[in-house]
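Both ligands and their constituent atoms are indexed starting at 1 by order of listing. Just the heavy atoms: all of them, side chains too, but no hydrogens, waters or symmetry mates, feed the values below.
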Amino acid sequence: MTSFRSALQSKSCLLGTFISFNDPYSAQILARCGFDWLMIDMEHSPLSAQEMTSMVHSTVTASAGSCCPIVRIPSHGVEWIKWALDSGASGIIVPMVNNKEEVDAILKRALYPPAGQRSFGPFRAPFADMAGSMDMAEYKRKTAPIVAIMPMIESVEAVENAEEIVGAQGVDGIFIGPVDLRHSLGFEGSGGDEDAYIAALQRVLEMGKKFGKAIGILGTQESVPRLVKMGFSFIMLAGGDAGILAEAASAKLRASRE
Ligand code: 3PY
Ligand code: MG
């Protein structure tokens with residue numbers, strides 16, 4: 001299975017989208033389409049831990065290991081972190097991380113001792129890596145250290161604390177939530193040119209450069225070239241499974257009616 005953490009260090013920008021349907025079929029289709037990564041979204045879709053685990057495995061098998069399953073958990077809670085990591089996901093995205101205290105608590109829950117306090121029991125994880133063995137000790141030794149831990153920066157407070165969040169040892173990358181960040185700044189929408197918004201993005205990108213950490217963001221097909229030029233190294237295309245289906249179905253119907 002491709003390591004998302006290693007892929008983040010490559011020069012090309014990784015393109016993904018998100019899954020909201022609670023069926024592994026959605027993961028299989030999108031993984032086969034050639035995305036570099038898929039975000040299985042437990043924050044804004046009511047996906048169960050069982051559904052998420054099946055989607056992690058479907059993403060890997062349908063793409064023969066080339067598409068990385070990343071789980072966005074709904075909160076910082078230890079159970080979410082544990083279930084997402086124990087599924088064998090290539091990484092986790094943790095929403096609304098605002099300060100050092102929060103990032104430290106997340107890392108403690110996500111890393112095995114001595115770095116943290118992650119409890120041991122990755123029974124399903126080996127089945128997400130077709131090339132790996134079923135030996136749990138091997139998972140702990142080889143796979144767990146390369147799982148990507150990625151807090152989200154999506155508030156004014158988080159941007160102010162970006163140096164501590166991005167620089168925390170154990171953080172592999174940061175995902176910016178532009179919608180919540182813009183709300184926090186007093187703006188609407190998912191993108192814009194307001195000075196305060198651009199300055200916030202640039203501050204996080206600067207911290208990424210300083211600490212050698214990848215910075216990702218939600219974007220659109222049209223904004224990809226600009227985001228890549230700014231320095232983003234992984235982008236999640238807006239719409240996700242439901243949006244892409246609606247867009248393609250509407251276009252097909254419109255064209256057929258004409
Ligand atoms: C946001 O834009 O706030 C997000 O969380 C994107 O996924
Ligand atoms: Mg958000």
Query - No-hydrogen, no-angle side-chain donor-acceptor test under 3.5 Å, E164 and N99 - result: no
Query raised in the report: Does the side chain of N98 pick up a donor-acceptor pair with the side chain of S155 at under 3.5 Å?
Result: yes
Report task. Answer yes or no: is there a side-chain heavy-atom contact under 4.5 Å between P69 and I40? Result -> yes
**Report entry** Sub-4.5 Å side-chain heavy-atom contact between H44 and F18
**Finding:** no
Requested in this report: Under the side chain to side chain contact (heavy atoms under 4.5 Å, CB included) rule, collect the residues that match up with M207, sequence neighbours excluded.
Outcome: A162, E163, V166, R203, K210, F211
Query - the Mg ion (ligand 2) - number of protein N/O/S atoms closer than 2.8 Å - result: 2
**Report entry** For F234, all residues meeting ring-ring contact (aromatic ring centres under 6.0 Å, His included), sequence neighbours excluded
**Finding:** F4, W37, F175
**Report entry** F187 ring center within less than 6.0 Å of Y197 ring center
**Finding:** no
Query raised in the report: Are more than 12 heavy atoms from other residues, nucleotides or ligands located less than 6.0 Å from atom CD of E101?
Result: no
Query raised in the report: Could you state the interatomic distance from CD1 (I176) to CG (L218), rounded to the nearest 0.5 Å?
Result: 11.0 Å
For ligand 1, run through the N/O pairs with the protein that fall under 3.5 Å and put one pair on each line.
| unit_1 | atom_1 | unit_2 | atom_2 | d |
| --- | --- | --- | --- | --- |
| ligand 1 | 2 (O) | P178 | N | 3.1 |
| ligand 1 | 2 (O) | V179 | N | 2.8 |
| ligand 1 | 3 (O) | E154 | OE1 | 3.1 |
| ligand 1 | 3 (O) | D180 | N | 3.0 |
| ligand 1 | 3 (O) | D180 | OD2 | 3.0 |
| ligand 1 | 5 (O) | R72 | NH1 | 2.9 |
| ligand 1 | 5 (O) | E154 | OE1 | 3.2 |
| ligand 1 | 7 (O) | R72 | NH1 | 2.9 |

